[in-house]
Amino acid sequence: MPSVADWDTFPFDGDLHPRSLDEPVEREEPRHGEGGVDCRRCAAGDDEYLWTDERWRLAPLQAPSGLPAVVLLETREHVDFDGLTPELAAELGPMLLRVQRAVYAVGDIGNVHVCRWGDGSEHFHFWFMARPARVPQLIGSFAAIWDDILPPLPDDVWRANMALIARAMG
Ligand SMILES: [Zn+2]
């Protein structure tokens, strides 16, 4: 195992070994909703979101996960990150700070990670992942992996946390 396995934040224990990489593929698989075709974010109604305005929407995950809160900032319009209009790009900075502040409203949050991958789906979306305060094992980029490892939040706690974020955005 490489030295990353010795990090305090490494989520796994026991007998592990790295997978070998396959050969590069001929071309990348299309991402979900490419060109706006059959895009689930475009198809979603505002009632599926925690908060919306004319140009932005804030989505919860479809089910609770391990971290106290994970939400997604999306554009209303179907654009990719590099397709943001100058107006949307100018609004993005303040919007990232606004959403991050709103996620802190959940309480007892040590940090809110703001992440963009965009490998799964084309429609613009930024991740906000709330890390619980005072749990050093959860710091850093492994928080995104711990989110899939920790038992999901109880449904009522998750809904309450989402409501706090919605209220803070309003
Ligand atoms: Zn879309």
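We count ligands from 1, going down the list as the structure has it; atoms in each ligand are counted the same way. Please read these numbers as outputs of a predicted model, since none were measured by experiment.
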request  = Answer whether the closest heavy-atom distance between the side chains of R101 and V112 falls below 4.5 Å.
outcome  =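 No, too far: nothing below the 4.5 Å cut-off.
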request  = State the CG-CE distance between L61 and M129, to the nearest 0.5 angstrom.
outcome  = 7.5 Å
key: D80 (side chain) donor-acceptor with G83 (main chain) under 3.5 angstrom   =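 No: the side chain of D80 does not pair with the backbone of G83.
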note = Looking at H123, the N/O/S atom that lies nearest to the Zn ion (ligand 1) is called ND1
query = Which single N/O/S atom of H78 lies at minimum distance from the Zn ion (ligand 1)?
reply = ND1
request  = Can you tell me, to 10 degrees, how wide the angle at the Zn ion (ligand 1) is between SG on C42 and SG on C39?
outcome  =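 The SG/SG angle about the Zn ion (ligand 1) sits at 120°.
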ask   = Linking I/L/V/M/F/W/Y whenever their side-chain heavy atoms sit closer than 4.5 Å, directly or via other members, would L72 and V70 fall into one cluster?
value = yes
